[in-house]
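Note on naming: letters A, B, ... go to the chains in the order of the sequence lines (proteins, then strands), and numbering restarts at 1 for each one.
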Protein chains: 2
Amino acid sequence: MAIVTVPVLSRSERNAMAMQAAGTERPATIHDIAAICGVAASTVSRALSTPDRVNIRTRARIEAAAAELNYTPNSQAKALSSGRTGAVGVLVPDITNPFYFDLIRGTQLQLKAAGYTQLLVDTEESDEVEASSMEQLRKSADGIIVTASRLSDEALLAAAAKIPIVTINRDVAGVPAVVIDTPSATSQALDHLISLGHTRIAYMAGPLTSQSSTLRWNALAAAAEDRGVEVRRLGPFAPKTQSGAAAADAAVHSGVSACIAFNDLIAIGMLQRLRERGIRVPEDMSVVGCDDIFGADFCNPPLTTMASPIEEAGRVSVSMLLAQLNPLAGGGSRSRSLMPTHLTVRGSTGPVPPAV
Amino acid sequence: MAIVTVPVLSRSERNAMAMQAAGTERPATIHDIAAICGVAASTVSRALSTPDRVNIRTRARIEAAAAELNYTPNSQAKALSSGRTGAVGVLVPDITNPFYFDLIRGTQLQLKAAGYTQLLVDTEESDEVEASSMEQLRKSADGIIVTASRLSDEALLAAAAKIPIVTINRDVAGVPAVVIDTPSATSQALDHLISLGHTRIAYMAGPLTSQSSTLRWNALAAAAEDRGVEVRRLGPFAPKTQSGAAAADAAVHSGVSACIAFNDLIAIGMLQRLRERGIRVPEDMSVVGCDDIFGADFCNPPLTTMASPIEEAGRVSVSMLLAQLNPLAGGGSRSRSLMPTHLTVRGSTGPVPPAV
DNA sequence: CAATCCATGACAACCGATTGCCAAATGTTG
DNA sequence: CAACATTTGGCAATCGGTTGTCATGGATTG
């Protein structure tokens, strides 16, 4: 039997066959462009990424061919060879929390503007999911934006040593952070309530692992002591409207006339529960929320809340991260950014009820 | 001058140097595992992905080494060589629209369960962004879930020929779809309003390019004719609360006593505007929304709306897409899935106001 | 004991780019 | 016109896997 030599097909020949077989167009590669222009693939690569290293006329031909073939670089291959993925991970504890909508949109806009892709991950309020997501992203992203981290300071520092990180609402020395200054807004809220005559006030705390909640409480407690009013801490409560019922009951039971909730979700849940129980807001009880999320303006009554520039915080975090990734751009990159907040007064706060 | 030959460093040697220099641990590769176990890298690859093709004892050694080194495969490299990226793109027109929160969470959960990564893209209600995102995703994702597409039927079909697609709320022959059956709910809503005595009703339409809006209108118009009541179409209005003001004014001006809005955002915006204008809901005007989004239950008054199983729709869409990707799993994959909806009656609808 | 078969694992090509190095081509200068 | 500087562009290695092909060896079988 004669030995039959099967002709070896070149890559492009095989691709052509595959195209014919599948009837489906195959995305163009730099090799296709190189073949058309009669240059090497490496020249095409340079023409598109380091235009100065290539003759202007050659470049023009290559660019024309690229446009002709509708060429877009393969990001996987790019990532593999360059080590840069062009993606940034954004970790949020709960994707259905409206607070993160604006944040996500902020990061999305800024990342897209810089040519990056956003990898959104819902960590389900779990430190384990958060940690494993980070490990995963370490290889598939150039950097990570971590919101309201549930991890320990040590874990965050260790992670930041492996991959550029910017935190939002989580302040750890050595890790760049965007911090929304709600603590200082809490004293505004407190003064607002005091000016309405309230002296017995409750703070409806968020999760124990939330640094934001702790900071707000500390600021609030300090301000309360300063003003000589009583503020008690209740909770913790999960940051969901469903927890608002328990929070409302706890507030009523504690005998306060006003409360400041960890966030708007809890506050809105409280409004619903208080209504169910026939307790009028703000006549019988004043409620202050935090964040000014979607819904805070149209709930019943509209919520007095501490408004944060959330979308801007998202944008700033991306800028800080990108500054870390491309240190070339002049100017030392700030490692800390404090976003101002202010109290937005609506209908859920009012004068203290007259003593019975 | 003597020619100095620089010794060529092996990959691992360089990596070792890099590690030393940067002081940062480098993720393990199959080559590291292969070296430890004294086998070829390809054997390691098979041991981890096609365990049956490898001796059970060899496999055990390899798995042990992998665990030891804390090995996780590099997804870029995997994608490049296998052609599968393990990612699925999810296109939404507006990430800050609460309707998509639940949808996104549904897709996220189901994708994660199947070991896929979700690439979320906000197309900003633009068909161009949508088209270019699809082109981009074609190379970086295995499939795409497109919600409320703004593209033409032809464009969607063409895209579906290039990459597996499942649409949500967009029905195009030849493209698998999950359709939330709001059209049938509109007749429920209509009957609800008729039973309350309303005979002059308006439909506040969504974007012209929204197929959902058109289908709802068609269903509503047909049902209205059937029942012998008058329903007029107003709009179009952008699916945002801000558009609600215009919608409310248009409704008032048209002299109807009830309206059915394209979605809850418009409806909620209408509630706010009507309140501003001193028009009472539902005494002077009844309002029905659609989707039962976050906020529909706590706005003022709580919104009567057509509730959709949004999160489930997200999960189903992922299942359908994965069935397309892995046809091996038995059972013909359905190409169309209709999600049931129902009317949820709350406080924004009431009896028709007595004639003046 | 020879012939056959299957399990096993090594080899090498390949995915689509990037990038260091070097040679050829070009232009400049004395 | 020769010598040199500077562009320009090609070659080939590389990233970290996957996968087709093939050689080896032990077990099964007649």
Give the rounded distance in Å between these two atoms: CD of A:Gln76 and P of C:dA17. 11 Å
List the atom pairs, with distances to 0.1 Å, where a side-chain N or O of residues 108-116 of chain B and a protein N or O form a donor-acceptor pair under 3.5 Å, not counting sequence neighbours.
from, atom 1, to, atom 2, distance (Å)
B:Gln110, NE2, B:Ser319, OG, 3.1
B:Lys112, NZ, A:Glu124, OE2, 3.4

Mind checking B:Thr58 for me? I need base, sugar-phosphate or nothing, with any heavy atom below 4.0 Å counting as a touch. sugar-phosphate
Those residues at least two apart in sequence (or on a different chain) that pass salt bridge (charged side-chain N to carboxylate O under 4.0 Å, His left out) with B:Glu63 are none
Under 3.5 Å, sequence neighbours excluded: what are the donor-acceptor pairs made by side chains of residues 148-155 of chain B?
from, atom 1, to, atom 2, distance (Å)
B:Ser149, OG, B:Glu130, OE2, 2.5
B:Ser149, OG, B:Leu151, N, 3.0
B:Arg150, NH1, B:Ala148, O, 3.1
B:Arg150, NH2, B:Glu125, OE1, 2.3
B:Ser152, OG, B:Glu154, OE1, 3.4
B:Ser152, OG, B:Ala155, N, 3.1
B:Asp153, OD1, B:Arg170, NH2, 2.6

Results of side chain to side chain donor-acceptor pair (under 3.5 Å) for A:Arg53 - residues two or more places apart only: none
Reading nucleotides 17-24 of chain D 5' to 3', which nucleotides get B (base under 4.0 Å from a protein heavy atom), which S (sugar-phosphate only), which -? BBBBB---
Between P of D:dG16 and CZ of A:Arg138, the distance in whole Å: 12 Å
Distance, rounded to the nearest Å, where B:Arg61 contributes CZ and C:dG9 contributes C1': 11 Å
Which pairs of donor and acceptor atoms, one on a side chain in residues 65-79 of chain B, lie under 3.5 Å apart (sequence neighbours left out)?
from, atom 1, to, atom 2, distance (Å)
B:Thr72, OG1, A:Lys139, NZ, 2.4
B:Asn74, OD1, B:Gln76, N, 2.8
B:Asn74, OD1, B:Ala77, N, 3.0

To the nearest angstrom, how far is A:Asn55 atom CG from D:dT6 atom P? 18 Å
Rounded interatomic separation in angstrom, taking CD1 from A:Ile62 and P from C:dA17: 13 Å
By salt bridge (charged side-chain N to carboxylate O under 4.0 Å, His left out), which residues pair with A:Asp94, not counting sequence neighbours? A:Lys240, B:Arg105
Between C:dA17 (P) and A:Leu48 (CG): distance, integer Å: 9 Å
Excluding sequence neighbours, so at least two apart, what forms side-chain contact (heavy atoms from CB on, under 4.5 Å) with B:Glu135? B:Arg138, B:Lys162
Is there side-chain contact between A:Thr167 and A:Val178, with heavy atoms separated by less than 4.5 Å? no
Who are the salt bridge (charged side-chain N to carboxylate O under 4.0 Å, His left out) partners of B:Glu312, not counting sequence neighbours? none
Using rotation axes that map the C1' atoms of four end pairs onto the next four (five pairs an end), what angle separates the end axes of the helix from C:dC1-D:dG30 to C:dG30-D:dC1, to 10°? 40°
Whole-Å distance between C:dA7 C1' and B:Ile56 CD1? 13 Å
In Å and rounded to the nearest 0.5 Å, what is the CD1 to CG distance from A:Ile145 to A:Leu119? 11.0 Å
Please list, for nucleotides 25-28 of chain D, all pairs of protein and nucleotide N/O atoms separated by less than 3.5 Å.
none

Please report the distance, rounded to the nearest Å, between CG in B:Asp32 and P in D:dG16. 9 Å
Salt bridge (charged side-chain N to carboxylate O under 4.0 Å, His left out) involving A:Arg84 - partner list, sequence neighbours excluded: none
